[in-house]
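Below is one structure, written out as C-alpha cells, with a few remarks after it.
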Protein chains: 2
Amino acid sequence: MSLPHMILGILSYRGLSGYDLNKAFQASVQHFWNTEQSQIYRALHKLHEQGWVGIEHVAQEDAPDKKIYHLTEQGRAELHRWIVAPQPIPTLHEGWLGQLFFGAEADVQSLQHLLEERIRVMQALIENYETNVASGGARYAIEFDAADDLAYWMLTLDYGIQKARFDVQWAESAIRTLEQRAKEQGVHEASSHE
Amino acid sequence: MSLPHMILGILSYRGLSGYDLNKAFQASVQHFWNTEQSQIYRALHKLHEQGWVGIEHVAQEDAPDKKIYHLTEQGRAELHRWIVAPQPIPTLHEGWLGQLFFGAEADVQSLQHLLEERIRVMQALIENYETNVASGGARYAIEFDAADDLAYWMLTLDYGIQKARFDVQWAESAIRTLEQRAKEQGVHEASSHE
DNA sequence: AGCGACATGTAAGCGGTTACATGATTCT
DNA sequence: AGAATCATGTAACCGCTTACATGTCGCT
C-alpha cells in the first residue's frame with residue numbers, strides 16, 4: 001500500500017544503496033512492516049521513474065560498485081504530503097478470527113489450544129520487541145544521527161507492544177469464556193441423561 | 001490468504017449461490033474480512049476444481065437460473081483441518097504507524113489531528129459493530145438456523161470491538177505524549193532565547 | 001420505460017512472496 | 001577451498017481490487 005513512502009521515509013535520513021536500505025528496513029520498521037529485498041529494488045525503480053529519488057553511481061574498490069539512492073525535492077515534498085494524509089483503515093484479515101468464527105465446527109479444547117498457542121507466540125513477540133527491537137532502534141538512531149526520530153520510533157514500538165499485550169489478554173479471556181461454555185454444555189448433557 | 005476457507009465455513013451452514021454467498025459474507029464476517037464479489041466467483045471455481053465444493057444447477061422461473069454451491073465430504077474435512085491448523089500471524093502493515101514513525105518530518109499538531117481523526121473513525125466503527133453488526137449476526141443466526149454458532153460470531157465481534165477500543169485508548173495516550181513533547185520543546189526553545 | 005434486485009462472470013493491473021540468478025570481496 | 005558478506009537484480013506466481021460486461025425478472 002505505502003511501501004514507496006516507507007522507503008522515502010528511510011531515505012529522508014540519508015542516501016542509501018538498495019542493499020543498505022533493505023538492512024535499514026529490517027532493523028527499523030520491521031515490527032510493523034516487513035518486505036522482501038526483491039520488492040525494494042522494484043519499488044526503488046518506480047520511485048526513480050516518478051522522480052522522487054535520484055541515483056548516484058559509486059565505484060568501489062574494496063567491494064562491488066553500488067548505487068546510492070537519495071530523495072529529490074519532489075520526493076521530500078511527497079513524503080511530507082503523505083505523512084499527514086488520511087490513511088485507509090485496513091480490515092483485520094486475520095485467519096485465527098475465521099477459525100474462531102467457525103468454531104462450532106470444532107471441539108472447544110482444540111480452540112483453546114489454538115488460543116494458547118497464540119498467547120505463546122504473542123509473548124515471544126513482546127519479548128523480542130522489548131529487547132532486540134528497542135535496542136536496535138537505539139543503535140539506528142545513533143547511526144542515522146536521528147535523535148529526534150527515536151522518540152517517534154519508540155512510540156510505534158510501544159503500539160506494537162501494547163497491541164500484543166491486548167491480544168494476549170483478549171485470548172486469555174476468550175479461553176475462560178470457552179471454558180465456561182464447555183462446563184455449561186456438560187451440565188446440559190448430564191441433565192438430559194436423567 | 002484463507003478466503004477459500006472462509007467460503008467453506010459459510011457453505012458449511014448451507015448450500016448457497018455465489019450471489020447469496022457474497023451477501024452472507026458482507027453480513028457475517030464483514031467485521032474482520034472483506035471481499036469483492038468478483039473474487040468470490042473465482043474462489044468458488046477453484047474450490048470446485050479442488051473438489052471441495054459441488055455445484056447444483058437450479059433452473060428458476062421467477063428469477064435467472066443459478067448455481068448452488070455446497071460442501072463435499074472432502075470440503076468439510078478440509079474445513080475441519082483448517083479450523084484447528086496454526087495460522088501465520090501477519091505483520092501490522094498499517095500506514096498510520098508509518099506516518100508516526102516518520103513523525104519528526106511533520107509538525108506535532110498535524111500528527112495529533114491524524115490521531116484524532118483515527119479516534120473518530122474507530123468510534124464510528126465501534127458504534128457500527130455494536131448496532132448493525134451485532135443485530136445482523138443475530139438475524140443470520142436465525143436464517144441459517146445456527147444458534148450454536150452465534151456465540152462464536154459474537155466472540156469475534158467482541159474482539160473487533162475491544163480492539164477498536166484499545167486503538168482509541170492508545171491514540172488518546174499518544175496524543176498526550178505528543179502534547180507533552182511539544183511543551184518541553186517549547187520550553188527548550190524559550191530558554192534558548194534568553 | 002426505468003429501477004432495483006437477482007445472477008454470473010472477465011480483464012487489467014497492482015502489490016507482494018518465493019525462488020532464481022549472478023558475481024565480487026574478505027575472512028578462515 | 002569454502003563460507004559469509006556485499007551488491008543488484010529477474011521471473012513466476014498468487015491474491016486482491018477496480019472496472020467492465022451481460023442479462024433476467026418483477027415492480028412501479
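Atom set for the values below is all heavy atoms of this structure, side chains included, hydrogens, waters and symmetry mates excluded. Every chain is numbered from 1, with letters handed out A, B, ... down the list of sequences. All values reported here derive from a predicted model rather than from experimental measurement.
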Near DNA chain D, under 4.0 Å by heavy atom, which residues of residues 17-29 of chain B? none
Report the residues that fulfil side-chain contact (heavy atoms from CB on, under 4.5 Å) with B/Thr156, sequence neighbours left out, ordered by chain and then residue number. A/Leu97, A/Leu100, A/Phe101, B/His31, B/Phe32
Test item: side-chain donor near acceptor, A/Tyr41 and A/Asn22, under 3.5 Å: no
Is there side-chain contact between B/Glu172 and B/Val168, with at least one heavy-atom pair below 4.5 Å? yes
Spell out protein contact along nucleotides 21-26 of chain D as letters: B when the base is contacted, S when just the sugar-phosphate is, - when no protein heavy atom is under 4.0 Å; keep the 5' to 3' order. --BBSS
C/dT8 phosphate, OP1 or OP2, under 4.0 Å from B/Tyr41 side-chain N/O: yes
Would the distance check show the side chain of B/Ser17 and the main-chain N or O of B/Lys67 forming a donor-acceptor pair, the cut-off being under 3.5 Å? no
Nearest 0.5 Å, please: how far is OG in A/Ser12 from CZ in A/Phe144? 9.5 Å
If I take atom CD1 in residue A/Ile7 and atom P in nucleotide C/dG15, what distance separates them, rounded to the nearest angstrom? 12 Å
For A/Gln112, run the side chain to side chain donor-acceptor pair (under 3.5 Å) check against A/Glu117, A/Arg176, A/Glu179 and tell me which one passes. A/Glu179
Does some side-chain heavy atom of B/Ile10 sit less than 4.5 Å from a side-chain heavy atom of B/Tyr69? no
Over how many whole Å does the gap from A/Asn34 atom CG to C/dT18 atom P extend? 9 Å
What is the distance, rounded to the nearest whole Å, between atom CZ of B/Arg42 and atom P of C/dT10? 9 Å
A/His45 NE2 - D/dA11 P separation (whole Å): 12 Å
By ring pair (Phe, Tyr, Trp, His ring centres under 6.0 Å), B/Tyr19 pairs with (sequence neighbours left out) none
Between B/Gln39 and D/dT17, is there a contact of a side-chain N or O with OP1 or OP2 at under 4.0 Å? yes
Between P of C/dG15 and NE2 of A/His93, the distance in whole Å: 17 Å
Spell out yes or no: do the side chain of B/Ser38 and the base of C/dT8 have one donor N/O and one acceptor N/O closer than 3.5 Å? no
When the axes are fitted on five pairs at both termini, how much does the helix from C/dA1-D/dT28 to C/dT28-D/dA1 curve, in 10° steps? 0°
Please check the phosphate of C/dA24 (OP1 and OP2 only) for any side-chain N or O of A/Lys66 closer than 4.0 Å. no
Any side-chain heavy-atom pair of B/Met6 and B/Thr35 under 4.5 Å: no
Distance alone, cut at 3.5 Å: any donor-acceptor contact between the side chains of A/His5 and B/Gln99? no
Once you round it to whole Å, what is the distance between P of C/dT8 and CG of B/Asp65? 9 Å
5'-most contact on DNA chain C (nearest-nucleotide basis), B/Lys67 vs A/Lys46, goes to B/Lys67
If I take atom CD1 in residue B/Ile68 and atom P in nucleotide C/dC6, what distance separates them, rounded to the nearest angstrom? 13 Å
Rounded off to whole Å, could you give me the CD1-to-P distance for the A/Ile40 and C/dG15 pair? 15 Å
Is the side chain of B/Glu94 donor-acceptor paired with the backbone N or O of A/Pro90 at a distance under 3.5 Å, no angle test? no
Sequence neighbours left out, what passes side chain to side chain donor-acceptor pair (under 3.5 Å) with A/Trp82? Give chain and number order. none
